[in-house]
Number of protein chains: 2
Amino acid sequence: MFLGTYRHAVDAKGRLAIPARLRERLPEGSVISKGAEGCLRIYPPEEWTREQGEQRLTSLSPAEARRLARMMFGAARECEFDAQGRIVLSADHRSYAGISSTAWVVGVNNVIEIWNDEDWRRIGEATPEEYTRVQDQVAERRRSIDR
Amino acid sequence: MFLGTYRHAVDAKGRLAIPARLRERLPEGSVISKGAEGCLRIYPPEEWTREQGEQRLTSLSPAEARRLARMMFGAARECEFDAQGRIVLSADHRSYAGISSTAWVVGVNNVIEIWNDEDWRRIGEATPEEYTRVQDQVAERRRSIDR
DNA sequence: CACAAAGTGGGGAAAAGTGGGGAAAATGAT
DNA sequence: ATCATTTTCCCCACTTTTCCCCACTTTGTG
């Protein structure tokens, strides 16, 4: 399980240090690809293959399946760390996520997400009121199931 | 698994450098042929034979099967690298894929695809909105399995 | 406060990508 | 069959990118 939010620098060479807490849980062969709402996502190997498997289950025409495969695999790279625990974000990934000199690295359950400042503030941050509302919803939901 | 999207030059002699990351996973005896939506496709040997095997299983009339075999095998060439890691795209392949001075080389799971600029932008590129939609579908799928 | 671990930045060697010259081979015409 | 022309392919040179290594700063911890 990946937890926590970290703000790190992206240097002129596109290098980004993955926080040690998250990195130590990332096995060899993890994959970084493009994610929803304009973030980047790092998948551990099992998560990556699981994702691909589930996509195959969504009944698609051959043409749709080809497009999907091109999107997912074409956008992905193997996640390679240097001796300092950094990965290099490709120019394509940086422009997709709108990342220049800083990035937010966020542990989200089974995956790690990477955001630019602005999008993370907009999408990721939440006020006490929003937490209250969300947790109320969950509680309501549970109540109606338990009954 | 082949991953990633790369834009490379095609020189006056029709030579195209295959990205080192992809090339190192391509065994001797790989095959390049024509693919769907106007791309070229490089198959590792096992993928090539698997493809041909599966096509034999799809119940075709003998005439259709012969036509298919002529198309697939006739369009194919063995994939030969020079000392710099380049292959030569035949004139036929270049005109099929509409490739002149640049090409996109894309890792798509078990095969490598080669595209011209325009077609790749049209077929292969995807916006954050599309990635969001795809991942929504997978999440929906997962929800219905878990239930 | 001292020490260790984590994060940041940059220089330089090595690898990858690009372009062209010229020998060898193939093709075609006389 | 011979010669001319084109094509193929091997080799070399150059440029750009990648990545490996070192050093410094910051943060966290005993």
Side-chain angles (χ1 to χ4, degrees), chain A residues 2-26 28-32 40 42 74 76-97 99-107 112-117 120, chain B residues 2-26 28-32 40 42 76-96 99-107 112-117 120:
Chain A
F2 298 105
L3 300 175
T5 305
Y6 305 82
R7 189 162 186 272
H8 277 185
V10 177
D11 69 21
K13 297 177 180 179
R15 294 179 297 190
L16 169 66
I18 302 301
R21 292 270 168 69
L22 302 181
R23 196 194 322 140
E24 64 197 7
R25 294 171 186 273
L26 267 183
E28 259 323 272
S30 294
V31 167
I32 180 167
L40 301 174
I42 302 178
R77 296 267 184 130
E78 205 177 318
C79 205
E80 292 168 333
F81 292 91
D82 68 12
Q84 279 68 40
R86 295 173 289 194
I87 61 175
V88 178
L89 300 177
S90 70
D92 178 37
H93 280 170
R94 268 176 291 161
S95 89
Y96 176 83
I99 289 171
S100 51
S101 69
T102 57
W104 292 88
V105 183
V106 188
I112 296 171
E113 292 187 348
I114 300 172
W115 296 84
N116 70 33
D117 283 330
W120 177 247
Chain B
F2 297 104
L3 299 177
T5 305
Y6 305 82
R7 190 161 185 272
H8 278 186
V10 177
D11 68 22
K13 298 177 180 179
R15 294 179 297 190
L16 170 66
I18 302 300
R21 290 265 167 68
L22 303 181
R23 196 194 321 139
E24 64 196 8
R25 294 173 188 271
L26 267 183
E28 258 325 271
S30 294
V31 168
I32 180 168
L40 301 174
I42 303 178
R77 294 250 185 139
E78 206 177 317
C79 202
E80 291 168 333
F81 292 91
D82 69 11
Q84 279 68 41
R86 295 174 289 195
I87 60 175
V88 178
L89 299 177
S90 71
D92 177 36
H93 280 171
R94 267 176 291 161
S95 89
Y96 174 82
I99 289 170
S100 52
S101 69
T102 56
W104 293 87
V105 183
V106 187
I112 295 171
E113 293 188 346
I114 300 172
W115 296 82
N116 71 33
D117 281 330
W120 176 249

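Chain identifiers are assigned alphabetically (A, B, ...) following the order of the sequence lines, protein sequences preceding nucleic acid strands; residue numbering begins at 1 within each chain.
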Inset, instruction - Decide yes or no on side-chain contact (heavy atoms from CB on, under 4.5 Å) for B/Ile87 and B/Arg77, but give the supporting numbers first. - result: CA-CA 11 Å; B/Ile87 60 175; B/Arg77 294 250 185 139; over 6 Å; no
Legend entry - Full working for side-chain contact (heavy atoms from CB on, under 4.5 Å) between A/Trp120 and A/Arg7: CA-CA 10 Å; A/Trp120 177 247; A/Arg7 189 162 186 272; over 6 Å; no
Inset, instruction - Step by step, work out the side-chain contact (heavy atoms from CB on, under 4.5 Å) result for A/Lys13 and A/Arg86. - result: CA-CA 11 Å; A/Lys13 297 177 180 179; A/Arg86 295 173 289 194; over 6 Å; no
Inset, instruction - Could you walk me through whether B/Val88 and B/Asp82 pass the side-chain contact (heavy atoms from CB on, under 4.5 Å) test, one step at a time? - result: CA-CA 9 Å; B/Val88 178; B/Asp82 69 11; over 6 Å; no
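Contacts between residues 2-11 of chain B and DNA chain D, counted as heavy-atom distances below 4.0 Å, involve no residue at all.
In the set C/dT18, C/dG22, C/dG7, the nucleotide with an atom closest to the side chain of A/Pro19 is C/dG7. Closest to the B/Gln84 side chain, of the nucleotides C/dG9, C/dT18, C/dG12, is C/dT18.
Nearest-nucleotide positions on DNA chain D place B/Val88 closer to the 5' end than the other of A/Arg86 and B/Val88. Positionally, the nearest nucleotide of DNA chain D for B/Glu80 lies more toward the 5' end than for the other of B/Glu80 and A/Phe81. Between A/Ala20 and B/Ala12, the residue anchored closer to the 5' end of DNA chain C is A/Ala20, taking for each the nucleotide with the nearest heavy atom.
A distance of 10.5 Å separates CG of B/Leu40 from SG of B/Cys79, quoted to the nearest 0.5 Å. Remark: A/Arg94 CZ to A/Ile114 CD1 distance equals 12.0 Å, nearest 0.5 Å.
Taking 4.0 Å as the cutoff to heavy atoms of chain B, we find the contact window on DNA chain D bounded by D/dC9 to D/dC19.
No donor-acceptor contact under 3.5 Å links the side chain of A/Arg15 to the base of C/dG7.
Between C/dG7 and A/Arg23, a contact under 4.0 Å exists linking OP1 or OP2 to a side-chain N or O.
At a threshold of 4.0 angstrom between heavy atoms, the contacts of A/Ile18 are confined to the sugar-phosphate backbone, with no base atom among them.
Under the 4.5 Å side-chain criterion, counting only non-hydrogen atoms from C-beta, A/Phe2 is not in contact with A/Ile42.
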